[in-house]
Protein chains: 2
Amino acid sequence: MNCIDCNFKSSATKFLSKGEIEELSHNCAHVEFKKGEKIFKESSFSSNIIYLKSGLVKVHILGPKNEQITKITKASAFLGLPTTFNEKVNKYSATALENCKVCFIDLEVFKHFIYKNGVFAYQIITELCKNEIDSFFRCLNRTQKQITGRVADALLFFYHDIYDDKEFILPLTREEFGNYIDTTRESVSRIINDFQKEGIIKIKNKKIKILKEERLINISEKG
Amino acid sequence: MNCIDCNFKSSATKFLSKGEIEELSHNCAHVEFKKGEKIFKESSFSSNIIYLKSGLVKVHILGPKNEQITKITKASAFLGLPTTFNEKVNKYSATALENCKVCFIDLEVFKHFIYKNGVFAYQIITELCKNEIDSFFRCLNRTQKQITGRVADALLFFYHDIYDDKEFILPLTREEFGNYIDTTRESVSRIINDFQKEGIIKIKNKKIKILKEERLINISEKG
DNA sequence: ATTTAAATGTGATATAAATCACATTTAACA
DNA sequence: TGTTAAATGTGATTTATATCACATTTAAAT
């Protein structure tokens with residue numbers, strides 16, 4: 001497989017020269033993961049840059065008390081750049097929430113691109129900056145909003161950022177949902193069922209339909 | 001003032017060529033801030049890269065409920081790279097906790113260095129990656145530890161990462177301390193006074209001395 | 001040095017959310 | 001297709017921490 005024909009190029013990779021793309025092709029392994037499989041694991045060695053070509057992934061860390069889902073990332077995106085870059089071992093894990101296609105890129109080759117190709121480096125910096133700001137705000141919401149608001153946020157996130165559809169199959173169990181918004185499976189259960197009773201959403205197991213977006217936005221804002 | 005003579009060069013700036021340092025000198029403004037002054041402000045335009053040469057700074061965001069101190073940064077470090085880079089307006093504020101010396105670097109010149117100097121770009125990427133991992137863990141502790149553990153963490157942070165001394169002047173009011181660990185001034189008050197009663201620390205207003213580090217570590221780990 | 005405002009301490013009370021316990025449903029698999 | 005395990009729902013209870021209220025101390029300002 002040659003990267004030149006790949007339809008999933010990242011914003012950074014688009015700026016590589018033909019020669020560089022060629023070099024990438026020889027140092028890039030394509031791997032597929034099934035739903036539920038771990039892509040990389042906390043405390044294991046990190047020696048490749050991981051690029052998510054298609055699919056949906058949860059990034060998670062085992063905290064002092066629970067597993068926390070730090071973020072949910074959909075393709076295309078680099079997965080865990082920070083952990084690969086200046087750490088010998090991964091500081092967190094990534095698990096496929098849907099079937100995923102992933103590229104493992106040799107770290108040295110990737111570094112070489114940064115050294116030689118300023119536009120490539122700039123794109124990576126831009127992505128990292130965006131990630132950091134996003135994580136600031138996720139943390140702010142996690143710590144300052146009440147659970148109802150956090151559930152509303154998460155539902156709106158799946159609608160707008162992941163599926164672009166008011167109806168979707170929730171890719172998480174109630175427990176994972178809890179890990180994503182820092183609460184328990186019981187609280188998630190109660191709140192989404194309350195939402196259903198109030199006619200804000202419709203749920204059938206994992207299938208969710210947002211009926212009253214404005215109410216969700218309102219609940220999200222009130223905290 | 002010429003940057004070539006500056007004793008506070010960042011790890012990235014060290015890799016600039018003589019010509020580039022010269023260019024930097026012409027596009028870099030040195031400013032001093034007194035304790036309590038705002039260095040940059042949420043919602044204001046961000047048009048400069050800000051480099052903290054000396055002093056101590058709090059980075060903070062106004063959340064849905066309270067002000068949150070996202071992190072406390074001591075020199076030398078870039079302040080708010082993420083917010084300057086791909087946002088027109090700042091997403092958060094930075095305020096001096098001590099008198100600070102700061103450089104305002106023209107954004108275009110900084111970008112130019114990234115494009116032209118791969119080692120410079122690589123250093124910036126390294127710093128951004130480190131920041132992101134740190135913020136993941138800060139968020140994890142914020143959400144999963146009980147207040148006692150978070151207070152212990154913060155005290156150990158000031159000891160190890162800021163002052164390198166078991167005795168220090170706390171650069172925050174009780175309320176700011178609360179904003180830093182996501183709690184109220186009352187809870188901070190109660191807990192540090194409990195710590196004093198148990199002989200773990202000694203406090204006299206803002207002056208703190210850590211007496212039993214092992215106990216603090218233990219409290220921090222138990223959550 | 002005196003006044004005023006800001007910061008801090010501390011008890012009493014309220015509250016959001018965790019925990020516990022168990023019933024029920026859904027999905028996995030053999 | 002039936003059996004077992006995993007996931008979910010829901011009430012009752014507990015708990016950590018916020019909130020409220022007010023006294024006291026410290027720092028700032030005149």
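Order of the sequence lines sets the chain letters (A, B, ...), proteins ahead of strands, with each chain counted from 1.
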Look at Ser189(B) and dT10(C) and indicate whether a side-chain polar atom (N or O) is within less than 4.0 Å of OP1 or OP2. no

Quick check on dT26(D): is either OP1 or OP2 less than 4.0 Å from any side-chain nitrogen or oxygen of Lys206(B)? no

Between Glu176(A) and Arg185(A), is there a salt bridge with N-O shorter than 4.0 Å? no

Separation of atom CD1 in Ile203(B) from atom C1' in dT10(C), rounded to whole Å: 13 Å

Can you see if the side chain of Arg174(A) gets near the phosphate of dG9(D) - specifically, an N or O under 4.0 Å from OP1 or OP2? yes

With a 4.0 Å limit, can you tell me whether Asn205(B) has a side-chain N or O closer than that to the phosphate oxygens OP1/OP2 of dA7(C)? no

Step through it carefully: locate the ring centre of Phe168(A), locate the ring centre of Tyr159(A), and say whether they are under 6.0 Å apart. no

Taking any heavy-atom pair under 4.0 Å as a contact, classify Asp182(B): base, sugar-phosphate, or nothing. sugar-phosphate

Apply the test ring pair (Phe, Tyr, Trp, His ring centres under 6.0 Å) to residues Phe110(B) and Phe78(B): give CA-CA distance (whole Å), side-chain angles for both, the deciding distance (0.1 Å), then the verdict. CA-CA 12 Å; Phe110(B) 197 85; Phe78(B) 287 101; 5.5 Å; yes

When rounded to whole Å, the CG to P distance for the pair Asp194(B) and dG11(C) reads 10 Å

Output the rounded distance in Å from CZ (Arg185(A)) to P (dT25(C)). 15 Å

May I ask you to verify whether the side chain of Arg190(B) and the base of dT19(D) hold a donor-acceptor pair under 3.5 Å? yes

Could you check how far CD1 of Ile192(A) sits from P of dG9(D), rounded to whole Å? 6 Å

Any ion pair linking Arg150(A) and Asp182(A) (charged N to carboxylate O, less than 4.0 Å)? no

Please determine whether a side-chain nitrogen of the Lys or Arg among Lys71(A) and Glu132(B) lies less than 4.0 Å from a carboxylate oxygen of the Asp or Glu. yes

Atom NZ of Lys145(A) and atom P of dT15(C): how far apart are they, to the nearest Å? 23 Å

Given dA18(C), is OP1 or OP2 found less than 4.0 Å from the side-chain N or O atoms of Thr184(A)? yes

Would you say dA16(C) has OP1 or OP2 under 4.0 Å from some side-chain N or O of Ser187(A)? no

Contact under 4.0 Å: Lys204(B) side-chain N or O vs dT25(D) OP1/OP2: no

